[in-house]
Amino acid sequence: MEKKSIHQFLQQQRSNDLYRSRSIVESPQGVNLELNGKSYLNFCSNDYLGLANHPKITEAFVKGIKQYGVGSGASHLINGHSRAHHQLEEELAEFVQRPRALLFSTGYMANLGVISALLAKGDAVFEDRLNHASLLDGGLLSQARLQRYQHCDAGDLAVKLSRSKAKTKLICTDGVFSMDGDIAPLAELVTQSTQSNSWLMVDDAHGLGTVGATGRGCLELINATVDDVPILMGTLGKALGTFGAFVAGDADLIEFLIQRARSYIYTTAMPAAVAEATRMSIKLVDEESWRREQLKKNISYFKQGLPQIEINGVTGDNNDTDSNPENYLTPIQPILIGDVQQTVRVSEILKQAGILVSAIRPPTVPENTARLRITLCADHSKQQIEQLLDTLSR
Ligand SMILES: *Cc1c(COP(=O)(O)O)cnc(C)c1O
C-alpha cells in the first residue's frame, strides 16, 4: 500500500467504527483488571482458569529464571532446547495422551508450521469457514488448494472431499470456535477423515483445560485416539495461563515437524522459564480441578440469564442453534448483534459501567455478525456475573 493510501485507509477505518486500538493494562490478568488507572470487571480474558497470575505458577516461573536465566539464546535445533522444554513436551504428551508433543513459540506459528510442512502445491486443505485466522493463513502459506466448508457442517465437507483428487488432504478445525464458542462436530469429522484418508487437525486453543471431564479438551468428549485425530494443536497462553503452544501426535509426525516446520526451525525457543511455569500449570489443571468445576457453574449461571437480555430486539441466547446444548457449554459466550456501530456502542456503555466486554467486528468475524464476545472465568463470582447480566439487560 502506498503511503498516502495508508492515511486514507486509517481515516476510513475510523469513520466506519472499525479502527482498532489498544488499552494499556497495568495489573496482572484477573477478573479485576486495571486499565489506564481505572479498575474494571473483566469479561474478555482467555485466562479461563485464573492461572495467569497463580502464585504457584509465578513461583515456578521465577525459579525457572534463576535456573536458566531469561532468554533461551537460540532456536531449539541449535542450543535453545533446555531440559525444561523437553520435560514439558513429555508432560504435555502424557496430558493429552499422545505419544509425543512438540513446543512452538506461539499457536499462530504452530498452525503455520504444521500445515505448510505437510502440504504443498497440488494438495488440498479443507477448513471450517469460521476457523481461526492462523489455520487459514497456514493453508494459504502451504499453497495447497484451500476449500472452506460451511460452519460445523460435516455434510458440506463430505461433498468437497468427494470432489477432490488431491493426494494429500488435510481437514482443519477449531475444537472450540474462538469467536462463536461452539464445539466442532468432531465425531463426524473423524468419520470423514477416515473415509477419505485425510489428515485431521484439531486446534483446541480454547478447549484445553476447560472442556472434558478432566480438562483434556474437546477430544476428551469423544475419547478420540491419536488414530482418530492424528494432529492436535493446543495453546498455553489461554486456560493454561502462560505462553506458547504445542502440537501432539505420533513420533513420526513430531520428528517430521522438527525437520520441516519452518516456524519451528527458524525461531528462538520460548524462554525455558516459561516452560517451567507451564509444567506447573498442567499440574494445577489436575490438582485444582475445582477451577474447571467452578468455570462450568459460572458458564451455566450466565447462560440462564441470557434469554432475559434483549439488545436491538435480539435476545442474548441467539447463538444456540444446535440441538445439543452441551456444544455451547464453553467459556466463550458471544451475543450476536450484527451491526458494527451498535456493537461498539454496547461495549462502550458497558465500559462506562466498569465492565470490559470486547466488541468483535469484521474482519475477525464475517460481515454483519459483529458481536459482544463474553468470556467467563473460574474466578468470577455469582454476584459479578449478575452485575454483567443486569447491566446488559438495561
Ligand atoms: C489464540 C488462538 C491461536 C493462536 O495462539 P497464540 O498462542 O495466541 O498464537 C490459534 N488458534 C486458536 C483457535 C486460537 O484461539
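Just so you know, ligand 1 is whichever comes first in the structure, and atom 1 is the first atom listed for that ligand. Predicted model only: the values in this text are computed from it and were never measured.
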Enumerate the pairs of nitrogen or oxygen atoms, one from ligand 1 and one from the protein, separated by less than 3.5 angstrom; state names and distance to 0.1 Å.
from     : atom 1 : to     : atom 2 : distance (Å)
ligand 1 : 7 (O)  : Gly107 : N      : 2.7
ligand 1 : 9 (O)  : Gly107 : N      : 3.1
ligand 1 : 9 (O)  : Tyr108 : N      : 2.9
ligand 1 : 11 (N) : His132 : ND1    : 3.4
ligand 1 : 11 (N) : Asp203 : OD1    : 3.4
ligand 1 : 11 (N) : Asp203 : OD2    : 2.5
ligand 1 : 15 (O) : His206 : NE2    : 2.5
ligand 1 : 15 (O) : Lys238 : NZ     : 2.7

Ser45/Gln29 under side-chain hydrogen bond (donor to acceptor under 3.5 Å, both in side chains): CA gap, chis, key distance, verdict
CA-CA 8 Å; Ser45 174; Gln29 276 300 314; 2.9 Å; yes
Should the pair Phe43 and His380 be assigned to parallel (<30°), tilted (30 to 60°) or perpendicular (>60°) ring geometry?
parallel
Quick check: is Leu41 connected to Ile332 through a chain of hydrophobic side chains (ILVMFWY, heavy atoms under 4.5 Å apart)?
yes
Verify, without hydrogens or angle tests, whether Gln333 (side chain) and Thr330 (backbone) share a donor-acceptor contact under 3.5 angstrom.
yes
Ring-plane angle category for Phe177 and His151, please: parallel below 30°, perpendicular beyond 60°, tilted otherwise.
perpendicular
Assess the pair Phe126 and Tyr149: is the distance between their ring centroids shorter than 6.0 Å?
no
